[in-house]
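Just so you know, these numbers come straight off a predicted model, no measurement behind them. Just so you know, these numbers use all the heavy atoms, side chains as well, and skip hydrogens, waters and symmetry mates.
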Amino acid sequence: MASVPGDRTAHQASPVDTRARYRRILRFAAWHLAVTWWFELFLPRIGLRRIADRHRARRMRHFARRFHDLAVELGGLMIKVGQFMSSRLDVLPPEITSELEGLQDEVPPVPFPAIKELAEAELGAPLEAVFASIDETPIAAASLGQAHRATLLAPDREETGLSNVVFKVQRLGIQAIVDVDLAALRRVGGWLKRIRIVAERADVPALVKEFAQTSLEEIDYLNEAANAERFAVEFADDSRVAVPGIVWERTSRRVLTLEDVTAIKITDAEALRAAGIDPTAVAPVFASVMFEQLFTNGFFHADPHPGNIFITPDRDPSAEHPWKLTFIDFGMMGQVPPKTRSGLRKLLIAAAARDGQGLVAAISDIGVLVPSADTRKLEQAMTQLFARFGGMGFAELREVDPREFRDFAVEFGDVVRSLPFQLPENFLLIIRAMSLTSGVCSSLDARFNLWDSVEPYAARLLRDERGNVVKDAAAHVLETAAVAMSLPKRLDGIITRIDEGSIEVSNPRMERHLARLARTAQRAVGALIFSGVLIAGALVRADDPVLSNVLMVASLLPLLYVLRPGRR
């Protein structure tokens, strides 16, 4: 049975409530899995694909509407699952994603007396002794908790330098609700694991495990406070980003007190213009900051929806940046392992270069494709995608003939379905973050072109990695040179053994051939060293002209050796 707003006993989630909730989620999943199996697997197998295809769009919309209603009624993690599904434009049909895209984590608020009781139990004191004033009307009410504005007492103001704060309090019984939702999701994940077409694409139990870890971290406000401070450190030197301060003395596992940084909602175009801020100028900055988190820091905000990002005008007119991106709600954060981050950087560079082959190679490095996959068709499809749609913004894409989109989608979908894709661990939040980033940017600027933001960032990545490229090239040249330099010595050894008679050679011209080969090898060494030094000079020219000139002049020495006349 779903929680009833205002009913304290319902929010405490008794054992009977949790059992009923568990059974309801499983019944919903079992019914729709059975319907999907019947229409998508069984009917096509017995030659009735046409019947299955006839009402597919209507079935998808019906499922999405029913899930939307279930998520709104139950709250808890079901809303998070629906939000994730709405962001999976890559694998779910638009009939599902469009129906769920308006699903917000907003539920009727809990009456303030219940919130006050829990907060006082956590903080160990009456709220009147903790705050100078409290607004009993919440500024936000979500399925996991709700937030109220408050003012700190004078001693706390002096100690923290903060005055106006927001304190978040968990809903009563939310731990039990989260536990039962995760138990139901684990059972559904076990069912999906037995379906071959699903198991080939993703390790569903692993995804549920990742989702569970994220959800449990999200209801631990001490973890959220630590995440906020780490995020602040990551962007301490970035004038574009602001993060609210934490009042640790008024924070516990179920209560979080932080600086009130409420400002202009990032997608409120009218308010932005009134403040003298061009919304189209916000989009590329927001995209760049998200790229920095994902591809450089490896620690990123995984829930960057419009309600979690404010635009704060800078009070100092001489500031380096006239406004800041202020992030809040650090409960859902993601970390990108070094190997995945390296693959993402390669993917970004390939995307900026419209390099279909490089993009597929990067996807393979990340682990989205199994190593045995034949990627030739995918490379061709990616190349065609870049050639046709790569330079277009969202507004331009709307002007493309829908039939062209449909034809390309069918062809591209066939290619994707023919390949053994898999969704690696730690990728769930990356996909969510990028999907939300794209949505926010397109709402700020209908003509926003993601490539315009990708290209300068990719160029910076190339500059940053240029030193590594030079080192790799130099190491390769030295390794090859070492082998080549050892060749004359080995040839001399062979000739000595021939002279000693330990090797019988019937061809009298062998010695001349070997001597000529030794001279050729030495010149090859010179050519390799010349090429390596010259390339190194060209690569560092933009960053260090002096070193570049020295390297280019030094490359003349091995070049002269290569070009000098040989002795007969």
Ignoring hydrogens and geometry, is there a side-chain-to-backbone donor-acceptor pair from S342 to P338 under 3.5 Å? no
Taking only Lys NZ, Arg NE, NH1 and NH2, and the carboxylate oxygens of Asp or Glu, determine whether K346 and D365 approach each other closer than 4.0 Å. yes
Please tell me if the side chains of N227 and F299 come closer than 4.5 Å, counting only heavy atoms from C-beta onward. yes
Quick one: are R186 and D181 in side-chain contact, heavy atoms under 4.5 Å? no
Backbone N/O of T262 and side chain of D260: donor-acceptor pair under 3.5 Å: yes
Taking all atoms of both residues into account, what is the closest heavy-atom pair of Y221 and V255, and its distance? CD1-N, 3.4 Å
Tell me whether K265 is salt-bridged to E270, with the criterion being a basic N under 4.0 Å from an acidic carboxylate O. no
With the threshold set at 4.0 Å, does a side-chain nitrogen-carboxylate oxygen contact exist between E99 and R66? no
Give a yes or no on whether the backbone of Q293 and the side-chain of H301 come within a donor-acceptor separation of less than 3.5 Å. no
Kindly give the heavy-atom pair with the smallest separation between A71 and I79, and that separation in Å. O-CG1, 3.5 Å
Does the plane of the ring in F327 sit parallel, tilted or perpendicular to the ring in F231? Use 30° and 60° as the thresholds. tilted
Verify side chain to side chain contact (heavy atoms under 4.5 Å, CB included) between K193 and V204, making sure each step is shown before the conclusion. CA-CA 6 Å; K193 184 181 179 181; V204 179; 5.5 Å; no
Working note: F448 + T280, criterion side chain to side chain contact (heavy atoms under 4.5 Å, CB included); need CA distance, chi angles, decisive distance, verdict. CA-CA 8 Å; F448 176 76; T280 61; over 6 Å; no
Measure the shortest side-chain to side-chain distance between R432 and P304 over non-hydrogen atoms and say whether it is less than 4.5 angstrom. no
Nearest-0.5 Å distance, CD of residue Q170 to CD of residue Q146: 12.0 Å
Before we go on, tell me: are the rings of H148 and F112 under 6.0 Å apart, centre to centre? yes
Do T326 and T312 have side-chain N/O donor and acceptor atoms under 3.5 Å apart? yes
Rounded to the nearest 0.5 Å, how far apart are CH2 of W31 and CZ of R27? 13.0 Å
Counting only heavy atoms not in W191 (residues, nucleotides, ligands), do more than 12 fall under 6.0 Å from its CH2? yes
Taking atom CG of L216 and atom CG of N223, what is their separation to the nearest 0.5 Å? 10.5 Å
Side chains of V440 and H305 in contact at under 4.5 Å (non-hydrogen atoms): no
Closest approach of M434 and F291, non-hydrogen atoms and distance? CE-CE2, 3.7 Å
So does R187 have more than 12 non-hydrogen atoms from other groups sitting under 6.0 Å from CZ? no
Would you name the heavy atoms of L429 and G334 that are closest together and state the gap between them? CD1-CA, 3.9 Å
Backbone N/O of G75 and side chain of S143: donor-acceptor pair under 3.5 Å: no
Can you check whether T437 reaches F286 side chain to side chain, under 4.5 Å on heavy atoms? yes
Checking side chain to side chain contact (heavy atoms under 4.5 Å, CB included) for the pair E40/V35: CA distance, chi angles, key distance, verdict? CA-CA 8 Å; E40 303 300 329; V35 170; over 6 Å; no
Please examine the side chains of L325 and I266, heavy atoms only from C-beta on, and report whether any two atoms are closer than 4.5 Å. yes
Write down the atom of I328, the atom of G307, and the distance for their closest heavy-atom approach. CD1-O, 3.7 Å
Is the backbone of R149 close enough, under 3.5 Å, to the side chain of D135 for a donor and an acceptor to pair up by distance? no
Main chain of V336, side chain of R341: is a donor-acceptor contact present, judged purely on distance under 3.5 Å? yes
Less than 4.0 angstrom from a charged side-chain N to a carboxylate O is my criterion; do K168 and D329 meet it? yes
Should the ring pair H32 and F63 be called parallel, tilted or perpendicular, given that the plane angle runs from 0 to 90° and is split at 30 and 60? perpendicular
Are W323 and I264 side-chain neighbours, meaning at least one heavy-atom pair lies under 4.5 Å? no
Distance check, rounded to the nearest 0.5 Å: M332 atom CE versus T214 atom OG1? 6.5 Å
Ion pair check, R56 and D53, cut-off under 4.0 Å: yes
What distance separates E224 CD from L258 CG, expressed to the nearest 0.5 Å? 7.5 Å
Atom pair SG (C441) and CE (M290), whose distance is rounded to the nearest 0.5 Å: 9.5 Å
Heavy-atom closest pair, residues A119 and F167: CB-CE1, 4.3 Å
Should we count CD of Q357 as having more than 12 external heavy atoms under 6.0 Å? no
Derivation of the side chain to side chain contact (heavy atoms under 4.5 Å, CB included) call for R21 and I177: CA-CA 8 Å; R21 182 185 183 93; I177 291 175; 3.4 Å; yes
Would you check if the side chain of R59 reaches a backbone N or O of A52 as a donor-acceptor pair within less than 3.5 Å? yes
So, do R240 and K324 sit near enough that their side-chain heavy atoms are less than 4.5 Å apart? no
